[in-house]
Protein chains: 2
Amino acid sequence: MTSRDHAVVRLALDLAILTVREGALQVLTVTRGNEPFRGRPALPGGFLRDGEDLHAAAVRELREETALDGGAMHLEQLSVYGAPDRDPRGRIISVAYLAIVPDLPAPTAGSDAVAAAWLPVAAIRGGLAFDHDRILDDAVERARSRLEFTTLATAFCAPVFTIGDLRTVYEVVWGQSLDPRNFSRKVLSTVGFVEATDEKRNPLVGRPAALYRRGDRTVLNPPILRGAATVA
Amino acid sequence: MTSRDHAVVRLALDLAILTVREGALQVLTVTRGNEPFRGRPALPGGFLRDGEDLHAAAVRELREETALDGGAMHLEQLSVYGAPDRDPRGRIISVAYLAIVPDLPAPTAGSDAVAAAWLPVAAIRGGLAFDHDRILDDAVERARSRLEFTTLATAFCAPVFTIGDLRTVYEVVWGQSLDPRNFSRKVLSTVGFVEATDEKRNPLVGRPAALYRRGDRTVLNPPILRGAATVA
DNA sequence: ACAAAAGTGTTCCTTCTACACCCATGA
DNA sequence: TCATGGGTGTAGAAGGAACACTTTTGT
């Protein structure tokens with residue numbers, strides 16, 4: 001065996017599961033019970049199994065962590081992280097996935113016996129194990145970009161939602177405030193973005209808001225661009 | 001060993017190396033000398049080596065195929081392809097990279113003893129080995145999108161080039177014609193896209209064109225969007 | 001002089017932005 | 001009737017598309 005041999009690697013999957021909770025962009029983390037990085041938060045993940053498809057493995061991990069299935073969430077491949085020294089236990093290549101989920105009623109406990117918790121992305125600041133800070137950075141930037149060009153924002157929302165709910169997603173993920181009136185028009189004038197229901201929701205105070213469902217469309221044309229606008 | 005064990009995988013890299021040659025978008029292919037898919041064209045690639053960084057491995061493969069180094073080209077990770085049955089020889093996960101190179105003076109021969117050839121992307125139509133057709137599709141779409149939002153088009157060009165050369169890249173990659181006058185203005189009004197030289201190039205007929213170098217900027221703001229415009 | 005390609009100026013139209021204004025509800 | 005959030009109209013600014021027109025070369 002020389003150094004020119006084919007590398008022997010293990011293939012891991014890591015999930016950056018994002019949601020909007022309590023007015024902040026949050027990510028699901030698990031606390032590591034073993035070395036290395038014992039006690040530090042990390043992104044949930046696991047190893048690929050024999051004969052298992054990559055995407056199917058990501059779906060499985062997501063279900064184990066959030067009990068969410070199929071259509072209720074968004075799951076896409078993010079990138080591969082394969083620096084030789086990224087894991088002190090050996091050569092482990094990680095395929096990272098970005099998942100977007102609504103604010104879950106059952107908040108945290110996964111089926112694994114590890115402590116899972118939602119942490120605000122803004123509060124993490126380099127505290128994750130391995131190279132997961134970099135994965136999280138990439139995930140957040142991908143999500144921000146997806147809001148511009150796709151209807152991904154609806155994946156952050158419950159099955160029915162108001163235009164105001166949707167706007168809050170944009171404001172929290174982008175970290176800037178948007179004009180409610182122009183936002184409303186843009187969303188409603190894009191056919192297939194949202195689909196009207198005949199229900200309304202009464203806020204604690206103020207005029208009732210119409211409720212909508214997700215539409216068929218996935219790509220946003222024209223896009224909703226984040227300007228260098230007024231940061232909230 | 002049950003099916004719940006961690007999968008044992010080999011990790012391959014495949015390169016979609018794109019260029020503009022003879023007025024067409026072309027991709028570098030190698031003809032397979034062994035089964036499976038013997039005699040069929042495939043994307044060049046190879047296996048990750050012990051202790052080798054993923055991106056470094058992609059750079060190495062690109063150099064082996066094109067004798068191009070570092071700054072003269074663009075190289076970015078595309079995606080991971082990991083369907084269990086994607087390679088009949090066993091469980092091989094492939095990390096695909098997109099490379100953009102200028103029209104090379106030394107056209108084809110790689111250092112390996114395999115037959116390398118540039119093929120027009122439009123002429124391939126499902127003829128590649130493994131799942132390389134899908135990788136190529138993803139690569140072309142990524143390149144098209146990159147032209148909209150980044151200065152990637154300069155990576156298709158020689159070290160010095162005219163605005164007309166650059167426009168040809170857009171037209172060939174997008175498959176649509178652009179207004180030369182508006183295109184010229186957009187490029188020149190984006191500071192950092194191209195950098196003027198004081199040389200000119202005389203075409204066989206017509207007014208000489210100013211020559212430019214790549215600029216510092218990588219992101220294009222505002223972007224140059226492909227309309228649903230007049231298809232060439 | 002003429003053909004061909006490079007580049008400039010100008011007009012029209014679409015889209016974004018900002019903000020005045022009206023609507024519907026609970027307390 | 002007042003505070004609060006939902007939603008419409010509209011004027012100005014900015015950017016893209018189309019195209020007439022000028023410039024510079026080789027033959």
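- Between the side chain of B:R207 and the base of C:dA6 there is at least one donor-acceptor pair of N/O atoms closer than 3.5 Å.
- Look at A:R167 and you'll find a side-chain N or O under 4.0 angstrom from OP1 or OP2 of D:dG6.
- Rounded to an integer number of Å, the gap from A:N221 CG to C:dC16 P is 10 Å.
- If you check C:dC19, C:dA3, D:dG16 against the side chain of A:D179, the one that comes closest is C:dC19.
- A close approach under 4.0 Å does occur between a side-chain nitrogen or oxygen of A:K186 and OP1 or OP2 of C:dT17.
- Inspection of the B:D14 and B:Y81 side chains reveals no N or O donor paired with an N or O acceptor under 3.5 Å.
- As rounded to whole Å, 13 Å separates atom P of D:dA17 from atom OH of B:Y170.
- Across all strands shown, A:L225 has no heavy atoms under 4.0 Å from either base or sugar-phosphate atoms.
- Considering only side-chain atoms of B:N182, the nucleotide from D:dA17, D:dA3, D:dT23 that sits closest is D:dA17.
- In this structure, A:L204 and B:T162 both approach DNA chain C, and ranking their closest nucleotides by distance from the 5' end singles out B:T162.
- Counting to the nearest Å, the P atom of D:dA17 and the CZ atom of B:R226 are 14 Å from each other.
- When the P atom of D:dG6 is taken as reference, atom OH of A:Y212 falls 11 Å away, rounded to whole Å.
- Across the protein-nucleic acid pair, A:Q176 atom CD and C:dT17 atom C1' stand 13 Å apart, rounded to whole Å.
- Counting distance only, with no hydrogens placed and no angle test, the side-chain atoms of A:R185 and the base atoms of D:dG9 include a donor-acceptor pair under 3.5 Å.
- A salt bridge is absent between B:R142 and B:E148: the closest approach of a Lys/Arg side-chain nitrogen to an acidic carboxylate oxygen does not fall below 4.0 angstrom.
- Two residues, B:R181 and B:N202, neighbour DNA chain D, and the one matched to the more 5' nucleotide by heavy-atom proximity is B:R181.
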_Step-by-step salt bridge (charged side-chain N to carboxylate O under 4.0 Å, His left out) determination, A:E141 to A:R226_ = CA-CA 12 Å; A:E141 180 47 38; A:R226 42 185 161 158; 2.9 Å; yes

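- Residues B:T19 and B:D103 bring no donor and acceptor atom of their side chains to less than 3.5 Å of each other.
- C:dA5 atom P lies 18 Å from atom CG of B:L166, rounded to whole Å.
- In this structure, the CZ atom of A:R201 is 11 Å from the P atom of D:dG7, given to the nearest Å.
- Taking atom CZ of residue B:F161 and atom C1' of nucleotide C:dA5, one finds them 18 Å apart after rounding to whole Å.
- Pairing each heavy atom of A:F193 with each of A:L220, the nearest pair is CD1-CD1, 3.8 Å.
- Residue A:P208 is classed as a sugar-phosphate contact, given heavy-atom separations below 4.0 Å to backbone atoms only.
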